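Presented below is the structure to which this report refers.
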Amino acid sequence: EITESSTSITDPCDCSLCPTTPADCLVTPQDCSECNSVTATTLDCSYCSAEICEEYVPCEECPTSPTTNPTASVSFLRDSYEFILAYNEVVSEVEWPVSAGSTIEEDITYNADDLPDQLDLDPANGMVTNNRFLPAGIHEFTITATGERSGGYATASVTITVQPFEVCSDGVRTTYSLLVKEVMENHPNTLLTTALEDEEVEPSYQLTIESVFPNTDLFYVSEDGQTLSCSALDRESNDFAELGATQYTVVVTITEPEAEITTVEEYRNNVLQISSELSTGKERSTRADASQCILISDMRNEPQRTTIVIIVGDENDNPPEFATTSMVVGYPANSLLSLIAPAYIVQVEATDADIGINAKLVYLIESSYVTIHPETGIVYPTEGIPNDDFTFTVTARDEEGEGLLSSNSLQVQVKRLQQEHISIIKLRSVVLEDLSTKIVELNAVTSV
């Protein structure tokens, strides 16, 4: 078998490698030197017949203007890319895809001159990754995409915002610059601790109290600077006398570690964990796994400053108290009850400095002459009420009758009123709803 060689060149000349019929096999290498830098290639026509080819088919004539740099348009999918991540999402390697395309078939290369040191850019696919811990803040740079054949290019701006907040399970984003704690009164509490995952590494983060309102004497940082605590708080303290809520506001700062953290793995091994564990009471947290998120729109995100709102919860530590220990009231004698019969004898009232169920009072009385409504404190006469003066004592117990007994008792003396003790006043054009107001006005006039 006689095998002749053929010559062909690569794109853009697009010469035929080997004709399909033996008679068309190339006998002489074809010179395509006019194809500029494209190099002619000699190939074997191994399937030509045994007889020698008598003629050859030359390569098609190369274009007069070689298309080594064809016209093309390179563009990104978007003019700008914005990525927002939580502070806790960049402790490991994160990928941010940025891609471009061309109107012809060609490879795209990517580069960025102003890329932050913590980031890497894959020149082949435009993928941006972090090579070490990316601190909170706004990171901006520009990526240029260039077509390898056409030379066409395009640019896109990239903004990566690392926010010091966490993401709730329902997708709601919450700032980590605010912590809300509810602690029970009368107990010391640990509010904030810093701890390294590696217990053998001496912690270098330090907590510092920047401000406290309204009382600075109750909050302190441990000697090693790792724990923020408070003394036993009193919900009924005078600190809250002019405030609308029983809460303290503490602003703490966290200093940076002395040693610079340069790699993702180093940060993972030495990550600062802000843990908020209460020794007692219920926690209202902004952590991502919390059922309740505290949304803050007007606080700047600051990874090294945290505002802690401490809501002081109530314990049943205050018994009910009557404003006075004795009182005198009048009630018509039996002979006058047909003329005037008040709905009740008197209404008593005690107060409790606690809140909620701890301040829900039940009134108690021991007498066969009168009875008392346990919730309203209204005292009613019974059928056995005597025609003479008598006295009874009222007490109160909080927590719906299961809590503390009143610190004092109220002794009520009932004076049975005779005809000479009573004056009947008729008010015209006065409705029943205005009765209390009219009684106050009469008391002011008569000093009764």
Side-chain angles (χ1 to χ4, degrees), residues 184-186 234-238 241 246 312-425 432-444 446-448:
M184 298 304 295
E185 63 175 332
N186 304 322
D234 182 9
R235 202 197 67 85
E236 295 78 35
S237 169
N238 290 331
T246 54
V312 184
D314 182 52
E315 279 192 347
N316 190 12
D317 58 345
N318 293 279
E321 184 178 4
F322 291 97
T324 182
T325 58
S326 63
M327 65 186 308
V328 179
V329 298
Y331 191 75
N334 294 343
S335 59
L336 297 178
L337 290 179
S338 59
L339 178 63
I340 177 173
Y344 55 86
I345 297 176
V346 68
Q347 183 174 15
V348 299
E349 183 180 15
T351 59
D352 194 307
D354 295 315
I355 60 174
I357 191 174
N358 294 334
K360 194 167 185 179
L361 307 183
V362 170
Y363 294 98
L364 308 169
I365 196 171
E366 292 184 5
S367 175
S368 59
Y369 303 147
V370 293
T371 184
I372 191 170
H373 191 284
E375 296 180 6
T376 65
I378 296 177
V379 179
Y380 298 95
T382 65
E383 294 182 355
I385 184 173
N387 201 38
D388 299 324
D389 299 345
F390 64 95
T391 301
F392 62 88
T393 302
V394 181
T395 57
R397 190 179 290 273
D398 62 16
E399 204 173 324
E400 295 184 325
E402 300 295 329
L404 302 176
L405 186 64
S406 54
S407 59
N408 58 357
S409 58
L410 175 60
Q411 189 176 57
V412 181
Q413 182 180 8
V414 180
K415 291 285 189 178
R416 300 308 302 269
L417 303 178
Q418 305 300 322
Q419 181 71 46
E420 61 270 19
H421 300 141
I422 297 176
S423 296
I424 299 177
I425 301 174
L432 185 60
E433 286 77 8
D434 295 335
L435 180 59
S436 297
T437 302
K438 292 300 179 181
I439 291 176
V440 172
E441 294 175 356
L442 288 172
N443 288 339
T446 64
S447 300
V448 176

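None of the values given here were measured: they were computed from a predicted structure. Residue indices begin at 1 and follow the sequence shown.
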Task: Any donor-acceptor N/O pair, R397 side chain to E402 backbone, under 3.5 Å - done: no

Open item on the list: Suppose the criterion is ring-ring contact (aromatic ring centres under 6.0 Å, His included): which pairs have a residue in residues 368-420, not counting sequence neighbours?
Closed with: Y369-F390

TODO: First locate atom CD1 of I340, then atom OH of Y331, and finally report the distance between them rounded to the nearest 0.5 Å.
DONE: 9.5 Å

TODO: Can you establish whether the number of heavy atoms outside E441 located under 6.0 Å from its atom CD is more than 12?
DONE: yes

Task: Euclidean distance, Q411 CD relative to T395 OG1, rounded to 0.5 Å - done: 13.0 Å

Task: Matching residue for S409 among T393, L364, T325 - test: side chain to side chain contact (heavy atoms under 4.5 Å, CB included) - done: T393

Task: Separation between NE2 of H421 and CG of L336, rounded to the nearest 0.5 Å - done: 10.0 Å

Open item on the list: Going by ring-ring contact (aromatic ring centres under 6.0 Å, His included), name the pairs with one or both residues in residues 334-353, residues two or more places apart or in two chains.
Closed with: none

- [ ] Mind listing the closest non-hydrogen atom pair of R235 and A353 along with its distance?
- [x] NH2-O, 2.8 Å

N/O donor to acceptor pairs below 3.5 angstrom from side-chain atoms of residues 315-322, sequence neighbours left out:
from: E315; atom 1: OE1; to: N186; atom 2: ND2; distance (Å): 3.2
from: E315; atom 1: OE2; to: H187; atom 2: NE2; distance (Å): 2.6
from: N316; atom 1: ND2; to: D398; atom 2: OD1; distance (Å): 3.2
from: N316; atom 1: ND2; to: E399; atom 2: OE1; distance (Å): 2.8
from: D317; atom 1: OD2; to: N186; atom 2: ND2; distance (Å): 3.0
from: N318; atom 1: ND2; to: E236; atom 2: OE1; distance (Å): 3.1
from: N318; atom 1: ND2; to: D354; atom 2: OD1; distance (Å): 3.0

Open item on the list: I need the minimum non-hydrogen distance between V328 and K415, along with the two atoms involved.
Closed with: CG1-CG, 3.7 Å

Open item on the list: Using every non-hydrogen atom in the two residues, find where V394 and I372 come nearest and quote the distance to one decimal.
Closed with: CG1-CD1, 3.9 Å

Task: CD1 on I385 to OG1 on T371, rounded to 0.5 Å - done: 12.0 Å

Task: Flag, side chain of Q347 to backbone of T376, donor-acceptor distance under 3.5 Å - done: yes

TODO: Quick one: pull up OG1 in T437 and CG in L442 and give me the separation to the nearest 0.5 Å.
DONE: 11.0 Å

Task: CG-CG distance between L361 and N358, expressed to the nearest 0.5 angstrom - done: 10.5 Å

Open item on the list: Atom CG of residue position N387 - does it have more than 12 heavy atoms of other residues, nucleotides or ligands inside 6.0 Å?
Closed with: yes

- [ ] Look only at the side chain of Y363 and the backbone of A350, and say whether a donor-acceptor pair between them is shorter than 3.5 Å.
- [x] yes

TODO: Decide if atom CD of E383 counts as having more than 12 heavy atoms of other residues, nucleotides or ligands within a radius under 6.0 Å.
DONE: no

